[in-house]
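What follows is a single structure, and I will ask about it in a moment.
Naming convention: chains lettered A, B, ... in sequence-line order (proteins, then strands); numbering from 1 in each chain. Since we're looking at a predicted model, the values are computed, not measured. The figures that follow rest on heavy atoms only: side chains count, while hydrogens, waters and symmetry mates do not.
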Number of protein chains: 2
Amino acid sequence: MSETDHDPASGEPADRLTEVFDLVGPLYRRAQRKVEQDAPIEGLSVGVRAVLNMLREHGSMTVPQMGRAQALSRQFVQRMINDAAARHLVESVPNPMHKRSSLIRLTEEGRAAITAVVDRERTVLRQAGGDLTDTEIATCIRVLSHLLRFLDDVDVD
Amino acid sequence: MSETDHDPASGEPADRLTEVFDLVGPLYRRAQRKVEQDAPIEGLSVGVRAVLNMLREHGSMTVPQMGRAQALSRQFVQRMINDAAARHLVESVPNPMHKRSSLIRLTEEGRAAITAVVDRERTVLRQAGGDLTDTEIATCIRVLSHLLRFLDDVDVD
DNA sequence: GCAATAATGACACCTTGGTTGTCATGAATG
DNA sequence: CATTCATGACAACCAAGGTGTCATTATTGC
């Protein structure tokens, strides 16, 4: 049928990259649905989950830092953090570096919650991994990171 | 800065897959922003772009078919198609297979629009490709497809 | 030390991708 | 022929995420 009129195997890398992005969309949507259908146990919205996860892997940071790190608007991150704080998942501690913007830190409760969620996700992903090799996954990560870095010049706020 | 100094690359493939999804989110958001900041020339929303692109690569299909193909709700696809139809980017032609549900086909105008958008995106991606090899990209596509297929059991509608 | 500037927090509002629910209708199938 | 199923249309709704604005407070430059 109307296969790619340009031979994919020999084609420009750019064509293949289009394919990558055609996959990223559905993948993102489905993952999001899976997560929010799976994680209501902790009652974490996707946004809150995201910021908690940032804190989990990066350690304490300020709100604007988190926004920049994920190319999310400062205000959005703030809202998520406020939400999380209201549930005692994070707390703000004075920041020795910046007087005005305090560091956000996971509470024990928060750490427990995000760890539980991530662990649950990992369990699912372990099945999803299937026959994928480490090398393949590493390559995938490298490609995606590369693309992400390239698109990184967007400025929010 | 955000070196992975605390994140040992040890481990289960599942851990690496978590990384993949951690990349998919930001990538999706940024790509979306790039697209909609780049494509307002044609005035295509992300949704309309998506359905047009489906028609472009797959040929004419019915609305429910498109929904199933992308795990989007029938109604959402319909809205996008209606939108596109209102702008004469698609038209419905009688379907020899199903009397009731007509085939949606790209108009010349629609084909021109989606082709222009995709081409423009390709140009950007060509730079983004950089030093990525075809093999790497192919691997990435394989991994993502695999994951997508795994998450595919979601049912909408 | 003081004025100018930039960064932060707070809050309100908006857009939009996407779902769900419902209904009428017309087709497919028993 | 009766029933079921699929489609289109439309409305209500939700959540992710952005934008605009303002007051406040640091930080910087002089």
Open item on the list: I want to verify a distance call: between dG8(D), dG18(C), dG9(C), whose nearest atom is closest to the R74(A) side chain?
Closed with: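 Given the options dG8(D), dG18(C), dG9(C), the side chain of R74(A) is closest to dG9(C).
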
- [ ] Using whole Å, report how far CE of M66(A) lies from C1' of dA7(C).
- [x]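 Rounding to the nearest Å, CE of M66(A) and C1' of dA7(C) are 17 Å apart.
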
- [ ] Take atom CD of Q65(B) and atom C1' of dG8(D), then tell me their distance rounded to the nearest Å.
- [x]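 Rounded to the whole Å, the gap is 15 Å.
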
TODO: Find the bend of the helix from dG1(C)-dC30(D) to dG30(C)-dC1(D) as the angle between its two terminal axes (five pairs each), to the nearest 10°.
DONE: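 Result, rounded to 10 degrees: 40°.
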
- [ ] Taking the side chain as every heavy atom from C-beta outward, state whether H146(B) and D131(A) have any atom pair closer than 4.5 Å.
- [x]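 Counting from C-beta outward, H146(B) and D131(A) do come under 4.5 Å.
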
Task: Donor on one side chain, acceptor on other, N82(A) and R79(A), under 3.5 Å - done: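 There is no such pair between these side chains.
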
- [ ] Return the minimal non-hydrogen interatomic distance between R49(A) and I114(A), and the atom names on each side.
- [x]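 The pair with the smallest heavy-atom distance is O-CD1, 3.7 Å.
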
Open item on the list: Below 4.0 angstrom, which residues in residues 78-93 of chain B have at least one non-hydrogen atom near DNA chain C?
Closed with: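 Result for residues 78-93 of chain B: R79(B), sorted by number.
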
Open item on the list: Please compare I104(A) and Y28(B) by the position of their nearest nucleotide in DNA chain C and report the one closer to 5'.
Closed with: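 Upstream on the strand: I104(A).
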
Open item on the list: So for Q75(B) and dG21(C), does any side-chain atom that can act as donor or acceptor lie under 3.5 Å from a complementary atom in the base?
Closed with: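 Indeed there is one.
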
Open item on the list: A side-chain contact here means heavy atoms from C-beta on lying under 4.5 Å apart; do L148(B) and L144(B) qualify?
Closed with: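 Not touching, per the 4.5 Å side-chain cut-off.
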
Open item on the list: If I take atom OG1 from residue T115(B) and atom CZ from residue R122(B), how far apart are they, to the nearest 0.5 angstrom?
Closed with: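 Separation between the atoms: 9.0 Å.
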
Open item on the list: Tell me whether the count of non-hydrogen atoms from other residues, nucleotides or ligands lying under 6.0 Å of CZ in R105(A) goes above 12.
Closed with: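 No, because the 6.0 Å sphere around CZ of R105(A) holds 12 heavy atoms or fewer from other groups.
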
Open item on the list: Using side-chain heavy atoms (C-beta onward) and a distance below 4.5 Å, is L132(B) in contact with R16(A)?
Closed with: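 SC-SC contact between L132(B) and R16(A) ruled out.
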
Task: 4.5 Å side-chain heavy-atom contact, V20(B) and L17(B) - done: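 When only atoms from C-beta onward are counted, L17(B) and V20(B) do touch, with a gap below 4.5 Å.
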
TODO: Can you tell me the distance, in whole Å, between the CZ atom of F76(A) and the C1' atom of dG17(C)?
DONE: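 That distance rounds to 14 Å.
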
Open item on the list: Contact between M80(B) and S45(B) at the side-chain level, heavy atoms closer than 4.5 Å - yes or no?
Closed with: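 M80(B) reaches S45(B) side chain to side chain.
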
TODO: Write down the distance between CG (L72(A)) and P (dG9(C)), rounded to a whole number of angstrom.
DONE: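 To the nearest whole Å, that distance equals 15 Å.
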
TODO: Mind checking T62(B) for me? I need base, sugar-phosphate or nothing, with any heavy atom below 4.0 Å counting as a touch.
DONE: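 T62(B): no heavy atom of the nucleic acid under 4.0 Å.
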
